[in-house]
Asks: 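My questions will all concern the structure given below.
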Amino acid sequence: MTLATPPSDNAVHTGVLVLADGTVFRGRGIGAVGDSVGEVCFNTSMTGYQEILTDPSYAGQIITFTFPHIGNTGANTEDIETITPAARGLILRADITDPSNWRATRHLDDWLKSYGLIGLAGIDTRRLTRRIRDLGAPNGVVAHAPDGKFDIEALVAKAKGWPGLEGMDLAKDVSCRQTYDWTEGGWSIGGGYATQDKPQYHVVAIDYGAKRNILRCLAAAGCKVTVVPSTATVDDVMRHQPDGVFLSNGPGDPAATGEYAVPTIKGLLDTGVPMFGICLGHQMLSLALGAKTTKMPLGHRGANHPVKDLASGRVEITSQNHGFVVVPETLPADAEVTHVSLFDGTNEGIRLKGKPVFSVQYHPEASPGPQDSHYLFDRFVELIAQKKTAA
């Protein structure tokens, strides 16, 4: 067993991270008391920790923040991507910073406790990040006990016993249970979130774990948005007579979710309705086209990822969060690769030749992150407009 962060002689460590290989990081517990198991990953974003923690795509994962100062903007009721966070926990370098922002309504530690999120602070996150970078994302358990008493052997066994994300369908856990309408648009200082009450088009969004800001971007682009569960059939979608269909982001292994989602997407492709996918939606579309996906050794999680648009040569700085990737060599001839990562050359986007269908691996809605790729929502609306004009 490796003690990755040796305690000082008199220190009482109220939090630990225990990896499946027996490595133990000791620090200070934050948030809720208890323990939680998941895949340990890292995110390099410097802002937007509340949005990251509430992103449904982080279901099953314990997030290590590489930026050391987390908590300085506090927490509020607006900067959330879902009502109930799906992340398994978080790991920080420094203690949570006291809030110093006019929009803060509560301390981050209090917010974590209210949602049952367990965290660990005071460890060498650089060492942990290098370990993930070199050996891949491990399974681990983050635990918080105010008395500092931990059964390390039991926690190691729990980490070893967790099956991991490969082969795991998590979309069903974070998807909505029933259909609903979304009308909330973009946010502005003093005005809050706008309301889309004069939409030009109707989009049905299939919810595999949709971030709220994606739905807001669709509404801001002029769309009435109807959100349906991940298990929706072709008939469930088409009975709404949509002008376009959106395939959302989400967590877990796309091949597992594809067992029920791919037949629906194949049927929707046959209708000729314009379609746009993001992240898991991009992977699901690719699977429906006959391609394959694979788990990445490291994954992409951060707000500074350069992506090249192959058609224009333009480089976009993007926000990303994914641990699986489309294998471009398995795409059919009628699917054109449109974007690639400048970090590792992996696939970041496709379009279907002769059809109004495209998708990207990254997050054009940002939240958090740069807004270089917001134009993709306008591109989707343009395809819808062209389809209606041609009809």
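Counting from 1, the numbers follow the sequence of the chain as shown.
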Asks: Atom NZ of residue position K388 - does it have more than 12 heavy atoms of other residues, nucleotides or ligands inside 6.0 Å?
Replies: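 Check fails, neighbour count at 12 or below.
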Asks: Using 30° and 60° as the class boundaries, would you call the ring planes of H300 and H305 parallel, tilted or perpendicular?
Replies: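 Correct class here is tilted.
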Asks: Do the side-chain N and O atoms of Q361 and E348 include a donor-acceptor pair separated by under 3.5 angstrom?
Replies: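 No - no donor-acceptor pair under 3.5 Å links their side chains.
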Asks: Take a 6.0 Å sphere around NZ of K266 and say whether it holds more than 12 heavy atoms from other residues, nucleotides or ligands.
Replies: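 12 or below, so no.
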Asks: Between the main-chain N or O of L342 and the side-chain N or O of K308, is there a donor-acceptor pair closer than 3.5 Å?
Replies: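 Not at all, since once roles are kept as given, no pair shorter than 3.5 Å links the two residues.
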Asks: When you compare the side chain of L383 with that of K387, does any pair of heavy atoms fall below 4.5 Å?
Replies: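 Contact flag for K387/L383 side chains = no.
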Asks: Report yes or no: does R88 contribute a side-chain atom to a donor-acceptor pair with the main-chain N or O of V37 at less than 3.5 Å?
Replies: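 Yes, because the side chain of R88 sits within donor-acceptor range (under 3.5 Å) of the backbone of V37.
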Asks: Could you tell me whether F42 and F65 have their ring centroids closer than 6.0 angstrom?
Replies: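 So the answer is no for these two rings.
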Asks: So, S45 and N43: side-chain donor and acceptor under 3.5 Å apart, yes or no?
Replies: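 There is such a pair between these side chains.
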Asks: Taking the side chain as C-beta and beyond, is there a heavy-atom pair between H363 and C279 under 4.5 Å?
Replies: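 Answer yes - side chains close enough.
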Asks: Applying side chain to side chain contact (heavy atoms under 4.5 Å, CB included), run through V204 and V273 and close with a yes or a no.
Replies: CA-CA 11 Å; V204 169; V273 65; over 6 Å; no
Asks: Could you tell me whether the side chain of I278 reaches within less than 4.5 Å of the side chain of V360, counting heavy atoms only?
Replies: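 The answer is yes; the side chains approach within 4.5 Å.
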Asks: Do M168 and W162 have side chains that get closer than 4.5 Å, going by heavy atoms?
Replies: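 When only atoms from C-beta onward are counted, W162 and M168 do touch, with a gap below 4.5 Å.
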Asks: Could you check whether atom CE of M238 has more than 12 heavy atoms from other residues, nucleotides or ligands sitting under 6.0 Å from it?
Replies: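 Yes, CE of M238 has more than 12 neighbouring heavy atoms, counting only those of other groups under 6.0 Å.
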Asks: How close do V227 and C176 get, heavy atom to heavy atom, and via which atoms?
Replies: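 Closest heavy-atom pair between V227 and C176: CG1-SG, 4.1 Å.
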Asks: Tell me whether K160 at atom NZ has more than 12 heavy atoms from other residues, nucleotides or ligands lying less than 6.0 Å away.
Replies: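 Open: at most 12 neighbouring heavy atoms sit under 6.0 Å from NZ of K160.
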Asks: Checking T23 against D21: is there a side-chain donor and acceptor pair closer than 3.5 Å?
Replies: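 Checked: D21/T23 side chains pair up, N/O donor to acceptor below 3.5 Å.
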Asks: What closest approach, in Å, do C223 and P199 show between heavy atoms, and which atom pair accounts for it?
Replies: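 So the two residues come closest at C-CB, 3.7 Å.
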Asks: Does the side chain of T318 come under 3.5 Å of the side chain of Q320 through a donor N or O and an acceptor N or O?
Replies: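 Indeed, the side chains of T318 and Q320 share at least one donor-acceptor pair under 3.5 Å.
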Asks: Please tell me whether N347 and H282 have a donor and an acceptor in their side chains that are separated by less than 3.5 angstrom.
Replies: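 H282 and N347 do have a side-chain donor-acceptor pair below 3.5 Å.
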Asks: Strictly by modelled atom types, are D207 and S230 linked by a side-chain donor-acceptor pair under 3.5 Å?
Replies: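 S230 and D207 do not have a side-chain donor-acceptor pair below 3.5 Å.
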Asks: S341 side chain to F343 main-chain N or O, any donor-acceptor pair under 3.5 Å?
Replies: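 Yes: the side chain of S341 pairs with the backbone of F343.
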Asks: For atom CZ of R314, decide whether the heavy atoms of other residues, nucleotides or ligands shown that lie under 6.0 angstrom number more than 12.
Replies: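 Yes, because the 6.0 Å sphere around CZ of R314 holds more than 12 heavy atoms from other groups.
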Asks: Ignoring hydrogens and geometry beyond distance, is a side-chain donor-acceptor pair present between T257 and D169 at under 3.5 Å?
Replies: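 Short answer, yes.
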Asks: Taking atom types as modelled and ignoring hydrogens, do the side chains of T293 and Q283 form a donor-acceptor contact shorter than 3.5 angstrom?
Replies: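 Q283 and T293 do not have a side-chain donor-acceptor pair below 3.5 Å.
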Asks: Where do H107 and P99 come nearest, in terms of heavy atoms and distance?
Replies: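 Between these two residues, the closest heavy atoms are CD2-CD, 3.5 Å.
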